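Whatever order the structure lists them in is the order used to number ligands and atoms, beginning at 1. All figures in this text were calculated on a predicted structure; none of them were measured in a lab.
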Amino acid sequence: MSRLVVVGQGYVGLPMALRAAERGFDVVGLDTNAKTVAALNGGRSHIDDVTDAEIAQALDRGYRASVDPTCIADADAVVVCVPTPLSEDGGPDLRPVRRAAEVIGEHVTAGTLVVLESTTYPGTTEEVFAPLVTARSGLIVGKEVYIAFSPERIDPGNDTYGVANTPKVVGGLTPACTRAAQAFYARFIDTVIEAKGAREAEMAKLIENTFRHVNIALVNEMVRFCHELDIDLWDAIDCAATKPFGYMPFRPGPGVGGHCIPVDPSYLSHRVKGQLGYAFRMVELAEEINTAAPLYVATRAWEELNHRRTAVNGARVLLLGITYKADISDRRETPAVPLARKLTQWGAIVSYHDPYVKEWDIDTSEGRRTLQSVPAAYEAAAAADLTILLQAHSSYDLERLEASGARVLDTRGVLLPSDTVTRL
Ligand SMILES: NC(=O)c1ccc[n+]([C@@H]2O[C@H](COP(=O)([O-])OP(=O)(O)OC[C@H]3O[C@@H](n4cnc5c(N)ncnc54)[C@H](O)[C@@H]3O)[C@@H](O)[C@H]2O)c1
């Protein structure tokens, strides 16, 4: 087995395709976005974690991107990494997964392994994905076509764990499917774990993300009353984290962002509600708290300005770091958006600095406006009525920020509290 098609060449699919190419697979990166495909074939990366040099190397090894699904007919394995967003009513939007399954069904040939990696609710592979593949291909699962789920665990910006050394869970629709998936991934991933089946593999991913969502909500709720009670929650968390067993630290912040934490647990709660009729209360509560977190930051900004006898209306507020995570450019679901919206609704003059984002569209009461990242972060901070540190990118010189005399609301707990610096 050496010919691989990776469907979806985004944050997940591209690193996967390049790693497989490095390990000798003949890889085609299939994507419906012609611009992405042209850029990749021209040696240009659109993902933070992948450099142009890595694309060039992969192209030399035979990797190519394509919009033409006929390549599936020659593949020994097809891995699907398409988006799984939320629909307008907050439920799962499986249209990209369905489209990918239909296209695979049209072209797949006997003996192929087909793996879904997109995060989704338990049951998707068996009930939604596989029927579309088999209806079109007529192939029998476990005998002629091997279908499995394997959750993607990529952590953008993580220099320690990448595709190769992050253990991979696989769960097939039949034991033969699981074995085929295990054998495939073992060729380019150090550790592969067999789940009981596809549902358990799907559930494993949702446990991981729900765990993070709920624990972030826990501290985001605690930070509110700790502020009222004059308790430094960051210090308390650092102390708790000295316990060498039974505790894992999570820290408060301006809210959750990205493609996973705010989205995936909703897939699970939607499934529980839809199939069983009752609520997954922990997730609903976590959603409520984490969604309100940026608005709480706005309230704290108002409080900070009020202490200095400055009205929010007309105040110059600088946001430092607007991506959802440090050291990457991804702005999907970033809490900076609802925060900026609230501040501008209150009349604040919002500006921002982010080394990863040159331009940013924000909603104001007069409609959408495009902002440019201010050129000099520390000078702009010193000149603002309030600076809100939203994302502590490692390129930020925190000592310089403190020394600038800027009045800062630190939502990450990375600056020392002082006359000019307040922690959330
Ligand atoms: N980004 C992460 O950090 C991360 C981590 C773990 C899991 N995941 C999961 O992985 C999946 C993919 O996420 P991503 O961040 O790579 O998304 P992405 O938006 O970065 O990339 C998806 C790519 O798929 C392409 N695409 C969409 N529909 C397609 C189709 N029918 N056929 C072919 N290509 C298609 C898009 O053009 C895009 O290039 C999601 O389910 C996500 O929840 C993401």
Exercise: do T120 and E202 side chains pair donor with acceptor under 3.5 Å: no

May I ask you to identify the nearest protein heavy atom to [atom], giving residue, atom name and distance to one decimal place in Å?
atom: atom 21 (O) of ligand 1; result: G10 CA, 3.2 Å
atom: atom 19 (O) of ligand 1; result: R332 NH1, 3.5 Å
atom: atom 5 (C) of ligand 1; result: I154 O, 3.4 Å
atom: atom 16 (O) of ligand 1; result: V12 N, 2.9 Å

[options]: member with heavy atom nearest to [atom]:
atom: atom 11 (C) of ligand 1; options: I47, V82, T84; result: V82
atom: atom 36 (C) of ligand 1; options: T32, N33, V80, D31; result: D31
atom: atom 31 (N) of ligand 1; options: G157, G8, P96, P156; result: P96
atom: atom 33 (C) of ligand 1; options: V7, T120, V5; result: V7
atom: atom 7 (C) of ligand 1; options: R153, E152, R95; result: E152

Per-residue contact class, [X] against ligand 1 - non-hydrogen pairs under 4.0 Å:
X: S118; answer: both
X: C260; answer: side chain
X: R98; answer: neither

Please indicate whether any nitrogen or oxygen in [X] is less than 3.5 Å from any nitrogen or oxygen in ligand 1.
X: P83; answer: no
X: Y324; answer: no
X: K205; answer: no
X: R99; answer: no
X: T119; answer: yes

S404 and E379: CA distance, side-chain angles, deciding distance, side-chain hydrogen bond (donor to acceptor under 3.5 Å, both in side chains) verdict: CA-CA 7 Å; S404 72; E379 288 75 3; over 6 Å; no

Could you tell me whether the side chain of [Y] reaches within less than 4.5 Å of the side chain of [X], counting heavy atoms only?
X: V79; Y: Y185; result: yes
X: E208; Y: R153; result: yes
X: T134; Y: V141; result: yes
X: I388; Y: L318; result: no
X: N220; Y: L218; result: no

Closest approach of R423 to W234 (non-hydrogen atoms, all atoms of both residues): NH1-CB, 3.4 Å

Output field: ring centroids F250/H213 closer than 6.0 Å: no

Contact with ligand 1 for T36, non-hydrogen, under 4.0 angstrom: no

Heavy-atom gap E117 to ligand 1 smaller than 4.0 Å: no

Stepwise side chain to side chain contact (heavy atoms under 4.5 Å, CB included) test for E152 and K168: CA-CA 8 Å; E152 179 46 55; K168 194 98 175 98; 4.0 Å; yes

Sidechain N-carboxylate O distance under 4.0 Å for E127, R199: yes

R19/E22 ion pair, N-O < 4.0 Å: yes

